[in-house]
Asker: 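Quick one: this structure, given as structure tokens, is what I'll be asking you about.
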Amino acid sequence: DTEVTQTPKHLVMGMTNKKSLKCEQHMGHRAMYWYKQKAKKPPELMFVYSYEKLSINESVPSRFSPECPNSSLLNLHLHALQPEDSALYLCASSQEKGNTEAFFGQGTRLTVV
Amino acid sequence: QQQVKQSPQSLIVQKGGISIINCAYENTAFDYFPWYQQFPGKGPALLIAIRPDVSEKKEGRFTISFNKSAKQFSLHIMDSQPGDSATYFCAGLQDTGRRALTFGSGTRLQVQP
């Protein structure tokens, strides 16, 4: 199984809502990543977890709050987002942090209204 | 610097032709250079990758050429097919320090039948 599963696939939320994005992998990978991708742009790194500890936070606004409950799960909690936060949010995992092959999920298409 | 510069931004090729995408990097600490392929509505998927001690790597119709002295690498897609129409991202990864992918800006490839 080389899948990274993200739910939901699509999400529309208001600026006062609280929602969460979920990511799951069963490849035994110990590094997990959140990326944000705007249309026609490359993925932009947000957070990296290594062995369930936050390793990199790319100065992401606090309205995005990551959580890694265990080695297979990664959440991204969203609160008080802005319309400019609308994007494709991608989760990825790799065997170790910086390990050569990263596997990406299909992403959650988020629209903030 | 961590930047990876990619060109062209978009590319139209006839079926059966050769598609060539170029990347240049600045960070000499990069020691792994993958290419990712992304179809609309999907997450990026690893296509082929190379390490700087090798000048060329071929997998099927896909070839990476690497010029360490010029800090440049390129993707060649031979016998391009309509199914290759996608966005391609080059990236760099270093095995120390930040240890997260740095993506190029992407190339949108369209292969015409």
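Residue numbering restarts at 1 for every chain, and letters A, B, ... go by the order of the sequence lines.
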Asker: Search all heavy atoms of Phe104(A) against all heavy atoms of Pro44(B) and return the closest pair with its distance.
Answerer: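 Of all heavy-atom pairs spanning Phe104(A) and Pro44(B), the closest is CB-O, 3.2 Å.
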Asker: Within a 6.0 Å radius of atom NZ on Lys38(A), are there more than 12 heavy atoms belonging to other residues, nucleotides or ligands?
Answerer: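 More than 12 heavy atoms, drawn from other residues, nucleotides or ligands, come within 6.0 Å of this atom.
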Asker: About how many Å separate OH of Tyr32(B) and CD of Glu101(A), when rounded to the nearest 0.5 Å?
Answerer: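 One gets 6.0 Å once the value is rounded to the nearest 0.5 Å.
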Asker: State plainly whether one hydrophobic cluster holds both Val60(A) and Leu110(A), where clusters connect Ile, Leu, Val, Met, Phe, Trp and Tyr through side-chain heavy atoms under 4.5 angstrom apart.
Answerer: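 Val60(A) and Leu110(A): one cluster.
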Asker: Hey, does Leu101(B) have a side-chain heavy atom less than 4.5 Å from the side chain of Tyr35(A)?
Answerer: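 Yes. Closest side-chain heavy atoms under 4.5 Å.
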Asker: Can you sort out the partners of Arg51(B) under side chain to side chain donor-acceptor pair (under 3.5 Å), two or more places apart, ordered by chain and number?
Answerer: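 Side chain to side chain donor-acceptor pair (under 3.5 Å) list for Arg51(B), sorted by chain: empty.
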Asker: Please report the shortest heavy-atom distance between Leu88(A) and Gln38(B), naming the atom on each side.
Answerer: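 Of all heavy-atom pairs spanning Leu88(A) and Gln38(B), the closest is CD2-NE2, 4.1 Å.
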Asker: Please find the pair of heavy atoms, one from Gly43(B) and one from Leu90(A), that lie closest to each other, and give the distance.
Answerer: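 Minimum heavy-atom contact is CA-CD2, 3.8 Å.
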Asker: State plainly whether one hydrophobic cluster holds both Leu76(A) and Met15(A), where clusters connect Ile, Leu, Val, Met, Phe, Trp and Tyr through side-chain heavy atoms under 4.5 angstrom apart.
Answerer: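 Yes, Leu76(A) connects to Met15(A) through the hydrophobic network.
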Asker: Where do Phe89(B) and Gln37(A) come nearest, in terms of heavy atoms and distance?
Answerer: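 Distance-wise, the nearest heavy atoms are CZ-NE2, 3.6 Å.
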Asker: Holding to side chain to side chain donor-acceptor pair (under 3.5 Å), I want the full list of residues that pass it with Arg30(A), two or more places apart in sequence or in another chain.
Answerer: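 For Arg30(A) the side chain to side chain donor-acceptor pair (under 3.5 Å) partners, ignoring immediate neighbours, are Glu52(A).
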Asker: For chain A, which candidate among Lys42(B), Arg108(B), Gln9(B) shows the most heavy-atom pairs at distances under 4.5 Å?
Answerer: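 Maximum pair count with chain A is reached by Lys42(B).
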Asker: Please check if Tyr89(A) and Phe103(A) belong to a single hydrophobic cluster, counting links between Ile, Leu, Val, Met, Phe, Trp and Tyr side chain heavy atoms closer than 4.5 Å.
Answerer: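 Different clusters.
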Asker: With rounding to the nearest 0.5 Å, note down the distance linking OG in Ser94(A) to CG in Leu93(B).
Answerer: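 One gets 8.5 Å once the value is rounded to the nearest 0.5 Å.
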